[in-house]
Amino acid sequence: MEALTGEEVAKLHQDYVMQSWHKQGGKAMPVKEAKGIYLWDYDGNKYADMSSLLVCSNLGHELPEIVDAITEQAHKMCFMSPAYASEPKSRLAKMLVDVAGPDFYQRVFFTNGGADSNENAIKMARMVTGRSKIFSCYRSYHGSTLGASFASGDWRRFATEAGGEAPSFVHFMNPNMYEDGFDRGVDDEKVTKLYLKRLEDQLIYENPYNVAAILMESIVGANGVILPPKGYMEGVRALCDKYGILMICDEVMAGFGRTGKMFAWQNFDLKPDMFTFAKGVTCGYVPLGGVVVSKKISDYFTDHVLQCGLTYSGHTLACAAGVAAVSYYLDHDVCAHVKKMEGVLKPFLESMVEKHKCVGEARCIGLFAALTIVKNKATRELMAPYHASNSVMPTIMAELKKKGFLTFGRETNINICPPLIITEEELNEQLPKLDEVLTWVDETYCG
Ligand SMILES: Cc1ncc(COP(=O)(O)O)c(C=O)c1O
């Protein structure tokens, strides 16, 4: 088949592809090639992937170890039904349990991505507890399939709810220290106490003994890397224990080394009963997700049928990619590298708060970072109020793209989440571009 030109690729996409989260018929940049931390368009323009393509390509693009594992597996057996055991699936399940902690965790249910990992965790929580309600945060995203969309807290669930709200999904407000008017490192104890009190009150008003699970992103990602105040996550765990509620951590974005730990919940003094994963497990080379469950939950299903199933559960090619990716994280101590790079990224972002009128707060853990962009630092007036229809943020993202710095932002945040294999030299080459754009934002929007 003759290769298409960039223009042809873009035109076919424009005419025939349903584009997520957009009105249809718009243009998408045709990408010809991706390698390491870079992408190239058909005109030869090079872009640094400073968001790991939706915080997914943790190990960068075209990593030979993953590509070779997929190729090798493809020559042996591309697909095997979930009813049968296959070497990649068996291996990957054990690897994930070993990394999570085999003293507490036992099994993995494999899915195709993030949304269905959350949906299946919710189903399991209901089966195990016999309770119906699922608590989740307003400031969160858990996927766009029906159930995951109801569990999500941000505006992306509105269209789903327009068809009628799903019963038994309850949202609560999770802390966002900067936007709530508090100072990190000063007010943590006060904020933790306040938000845990509100959550417990809400649980009591909803009848805590009918709450199956509290589902939370270990660290809220797409809504702006919202780091919880000290002690908050441990406090949620304590509330779960008090009322017999299961705690589910969503590691879809924050997992696999992103925060400098293999799983982001490992930054806290707690163990979730289940945690969900996707993205970084294969870095998107082949879609894969799943749920890691505790021994206690696993034990429940030795006597009860697990009423969950997907044709592609434990897909052979995907699990082969997963084995290669997880081996790479461990063999190359990617977490140690991430901690080292945090030492470059975090001080730089903090210096942007000092330097720029438009930067209200910088949050960074590992290579998971975001800047809150403001109009007025003194009043903390956000550049883009929540769910604003005429936000200037896309224009700011376009300025970054013009400089070859490709990332995404939601609401009033710029997310900076490069592939975890980025080097200090590459960071030092890219970050000044962000500084230049922030100067332009100061001059253009901050009077
Ligand atoms: C925290 C979190 N959970 C779930 C999802 C949904 O994952 P998927 O798009 O693979 O369904 C996402 C996607 O960005 C996410 O960030």
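Along the sequence shown, residues carry numbers from 1. Start at 1 and go down the list; that is how both ligands and their atoms are numbered.
- Residues that satisfy the side-chain hydrogen bond (donor to acceptor under 3.5 Å, both in side chains) test with Lys295, not counting sequence neighbours, are Gln106.
- Of the heavy atoms in His142, only backbone atoms (N, CA, C, O) come closer than 4.0 Å to ligand 1.
- Between Arg139 and Asp180, at least one side-chain nitrogen of the basic residue sits less than 4.0 Å from a carboxylate oxygen of the acidic one, meeting the salt-bridge criterion.
- Between Arg363 and the choices Asn413, Asn415, Ile219, Ile416, the side-chain contact (heavy atoms from CB on, under 4.5 Å) rule is met once, by Asn413.
- Expressed to the nearest 0.5 Å, how far CZ of Phe268 lies from SG of Cys249 amounts to 8.0 Å.
- Contacts between Ala115 and ligand 1 below 4.0 angstrom, taking non-hydrogen atoms only, involve backbone and side chain alike.
- Close N/O approach between Ala278 and ligand 1 is not found [any backbone or side-chain N/O within under 3.5 Å].
- Annotation: atom 3 (N) of ligand 1 to nearest protein heavy atom, Asp250 OD2, 2.7 Å.
- Proximity of Lys279 to ligand 1 is established by a heavy-atom distance of less than 4.0 Å.
- From the protein, the heavy atom lying nearest to atom 2 (C) of ligand 1 is Tyr141 O, 3.3 Å.
- If you check which protein heavy atom lies closest to atom 7 (O) of ligand 1, you get Gly114 CA, 3.3 Å.
- Here Glu234 does not pair with Arg237 in a salt bridge; the nearest charged N to carboxylate O distance is not below 4.0 Å.
- Distances below 4.0 Å separate heavy atoms of Glu217 from the following atoms of ligand 1: 1 (C).
- The Val252 neighbourhood of ligand 1 comprises atoms 2 (C), 3 (N), 4 (C), 5 (C), 7 (O), 12 (C), 15 (C), with distances under 4.0 Å to a heavy atom of that residue.
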Distance-only donor-acceptor hits, side chain of residues 305-316, under 3.5 Å, sequence neighbours excluded:
from	atom 1	to	atom 2	distance (Å)
Ser313	OG	Phe110	O	2.7
His315	ND1	Leu317	N	3.2
Thr316	OG1	Met80	N	2.9

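- Between Glu179 and Arg380, none of the side-chain N atoms (NZ, or NE/NH1/NH2) sits under 4.0 Å from a carboxylate O, so this pair counts as no salt bridge.
- The shortest N or O to N or O distance between Asp116 and ligand 1 is not under 3.5 Å.
- Using a 4.0 Å threshold on non-hydrogen atoms, atom 16 (O) of ligand 1 counts as touching the protein.
- Which parts of ligand 1 touch Asn118 is read off a 4.0 Å heavy-atom cut-off, strictly below it: atoms 3 (N), 4 (C).
- Contacts between Thr145 and ligand 1, counted as non-hydrogen atom pairs separated by less than 4.0 Å, are absent for every part of the residue.
- The pair Glu399-Lys402 counts as a salt bridge, with a side-chain nitrogen and a carboxylate oxygen less than 4.0 angstrom apart.
- For Asp188 and Arg184, the salt-bridge test fails: no basic side-chain N is under 4.0 Å from an acidic carboxylate O.
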